[in-house]
Amino acid sequence: MMLYPQTNQLRNEISLDGFWKFAKDERNEGDSKGWQHSIPSDREIAVPASWNEQYQDLVHFFHTGWYEKEVIIPHIYKNHQIIVRVGAANYYSRVWFNGNLVGEHEGGHLPFSIDITEFIDWDGPNKIIISVDVRIKPDSLPAGEVENEHIIQKNGFKGQFPRNYYDFFPYGGISRPVSLVVLPKTHIEDVTVVTDIINNSTGQVDFNLTLNQPFTGLVSVMIEKEVEEFSLSNQTSVNGRLTIKDAKFWSMDHPHLYPLTIGLSEEGEKIDQYVLKVGIRTIAIDGDQLLLNGEPIFLRGVGLHEDFAVLGKGMHPAIIVKDMNLLNWLGGNSLRTSHYPYSDEFLNYADKNGILVIGETPFVGFVESHYNSTIEEKAHRVISEMILRDKNHPSIIAWSLANEGNTFVPQADGFYKSLYDHAKSLDQGRPITIVNCLDVEGDVALKHFDFVCINRYYGWYTQPGLLDEACEILNNQLDLCHELFGKPVMVTEFGADAVAGMHMDPPELFSEEYQAEMITRQYEIIRSKAYTIGAHIWVLSDFKTSQNAKRVILNRKGLFTRERQPKLAAHEIKKVWSREEK
């Protein structure tokens, strides 16, 4: 894992986004008979974007896609380290540079970086080839279909097409930006900051810096006029603390970011610099309250997906701006990255705009057969990648380590405890949770976590059309949940499908009126409890899913259509939230 790329006087980033050559390969024969040197296709495809949305014959293509691009690297970078960075590719990627296999990565929602310095041809074009295998397997994260096992699953995903075990489309391809990152030979490799508030006007920033190799020289760390300098002798790391008087604390209303400027100097010459945006804030659970900077807050917001027509899961700044604008228009203050880590660009935007984020892993729908040492080890690796990438974002206020798994079998107890312990060893400052989707009685995992999250669809998957009964059950289940665990409770999903333009009086399932009444009534119940710390409506906008009889092409629980136009529920929840303080 490397720092998010930036360009300054000593670093550079060369974008490789745009058109790549593309070939589809259904043979899955390793290197596919020499394709690592040149792929047998002149068809072009866009990066970043899912391949499924760009050509009709790729909509249901779930094997290996091959990408190829040529790049010329200027001679001025000969004395630098050159890295290929892929923001995300789903699911298993291998990278060749000038015919050499230089690296591989498993996982679809986090970046990976590969050093290609020694393989560069400085006198001619260089060829980058990336293969992306999106086959849906039982041990993928999130998982494909598990055969011959009874699955506790309320939505009936078994047998859907494609055969994934989760309710969003398993897009394939390179979904986030690709670039060449140009770094000094000796450079700042990682930065960790932990902030604290000493009193009403004083902030504290503890930092740890890691260099890529032993260094002898001067390290300077500065926030505004506060500077610490360290003389290193053949060292690779340094720790320190900066105290800021008259500090501006990061909050929803005032998301102030301080530039933490780090420099390396050798014999009086600066050889590297990196600027990290730091928000000074605290987050904590105190009894039944969630505290930001010592003040109680209520997480009012939505779940959402990285999903848009044509782009699929492709990262595009306009989609981020639009979605966050819609959240602000509603009056929301928070979201969960359901159900995988979102892009660096998304979180950078959240930092700058005071949006509170629960960062979530891609561990959706774990079942009994997943509770083994192999999956546990893989899960630990993904948790490490997520936390190491996102640890410095002030917008990230909590971690969610799993969504809607089978937490009712004995094996789940130790498995989820190990996930919690591993995450806590990497980040002691943020509360950690998982999301339960069925009755809390008999759940063996929730007890290990700092607060309880539940997804509840009373009035939709159960008690369909019976809103009075559904609301009474929700009210009782919330009280039971708090009684059993004695921890703060958050409802991370509740809602109903509505087909835009469908109206019924009195309200019935799939009408805009039914969705609006269900969401507003259930939100008021959740908000009325002294022990609840948040309510996230499912979902911001309609999104694409696999095919099954309960989905009319899309999951239509969005407050907005997939094109981001409001349904009745959006207007109604905007009225409810406008009556609350931000």
Side-chain angles (χ1 to χ4, degrees), residues 109-110 142 166 168 250-252 255 279 281-285 288-293 296-306 320 323-324 327 330 332-344 346-351 353-364 382-383 385-405 416 419-420 423-424 426-437 445-446 448-456 481 487-495 523 526 532-540:
H109 308 93
L110 288 162
Y166 44 91
F168 51 97
W250 188 95
S251 67
M252 294 176 284
R281 63 105 182 97
T282 61
I283 193 76
I285 296 284
D288 287 335
Q289 292 184 319
L290 177 65
L291 305 180
L292 176 66
N293 301 337
I297 56 171
F298 187 84
L299 302 178
R300 184 176 63 240
V302 296
L304 70 156
H305 271 293
E306 293 180 324
I320 295 172
D323 286 350
M324 295 304 92
L327 178 65
L330 289 168
N333 58 25
S334 57
L335 57 93
R336 175 174 56 124
T337 69
S338 42
H339 302 293
Y340 39 82
Y342 288 178
S343 68
D344 302 81
F346 186 99
L347 296 177
N348 290 338
Y349 191 94
D351 289 343
N353 290 275
I355 299 162
L356 305 180
V357 178
I358 299 175
E360 188 163 83
T361 67
F363 308 159
V364 186
V382 175
I383 290 170
E385 289 185 9
M386 178 182 74
I387 292 179
L388 291 175
R389 186 195 69 158
D390 297 341
K391 61 191 174 183
N392 296 322
H393 287 285
S395 58
I396 296 274
I397 58 165
W399 304 112
S400 171
L401 301 189
N403 180 75
E404 297 191 351
Y416 286 101
L419 300 191
Y420 176 88
K424 211 66 172 178
L426 297 170
D427 184 354
Q428 293 81 41
R430 292 178 176 90
I432 300 173
T433 190
I434 57 171
V435 180
N436 163 288
C437 70
L446 285 172
H448 298 302
F449 292 84
D450 300 321
F451 64 106
V452 173
C453 287
I454 58 175
N455 296 343
R456 292 296 185 269
C481 188
K487 298 177 180 182
V489 177
M490 178 173 181
V491 180
T492 36
E493 292 182 26
F494 64 106
Y523 177 80
I526 299 164
T532 54
I533 59 172
H536 282 176
I537 298 164
W538 190 256
V539 56
L540 180 71

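Any value given below was found using the heavy atoms of this structure, including those in side chains, with hydrogens, waters and symmetry copies removed. If you're wondering where the values come from, they're calculated on a predicted model, not measured in any experiment.
- Two residues are said to be in side-chain contact when any heavy atoms from C-beta on lie closer than 4.5 Å; Ile383 and Leu401 meet this criterion.
- Applying the side-chain contact (heavy atoms from CB on, under 4.5 Å) criterion to His393, with sequence neighbours excluded, gives Leu347, Asn348, Asp351, Asp390, Ser395, Ile396.
- Remark: Ala445 engages Thr407, Tyr416, Ile434, Asp443 in a side-chain contact (heavy atoms from CB on, under 4.5 Å) (not counting sequence neighbours).
- Side-chain contact between Arg281 and Ser251 is absent, with no heavy-atom pair separated by less than 4.5 Å.
- Using a 30° and 60° split on the angle between ring planes, Tyr420 and Phe449 fall in the perpendicular class, above 60°.
- Checked against salt bridge (charged side-chain N to carboxylate O under 4.0 Å, His left out), Lys391 has the following partners two or more places apart in sequence or in another chain: Asp190.
- Judged as a side-chain contact (heavy atoms from CB on, under 4.5 Å), and not counting sequence neighbours, the contacts of Ser338 are Arg336, Tyr342, Glu360, Trp538.
- Taking the side chain as every heavy atom from C-beta outward, Glu493 and Glu404 approach each other to under 4.5 Å.
- Partners of Pro142 by side-chain contact (heavy atoms from CB on, under 4.5 Å), not counting sequence neighbours, listed by chain and number: His109, Tyr166, Phe168, Pro362, Val364.
- A side-chain hydrogen bond (donor to acceptor under 3.5 Å, both in side chains) with Asn403 is found for one member of Thr361, Asn455, Thr492, Asn436 and no other, namely Asn455.
- Applying the salt bridge (charged side-chain N to carboxylate O under 4.0 Å, His left out) criterion to Asp323, with sequence neighbours excluded, gives Arg564.
- Proximity of Met386 to Leu426: side-chain heavy atoms (C-beta onward) are nowhere separated by under 4.5 Å.
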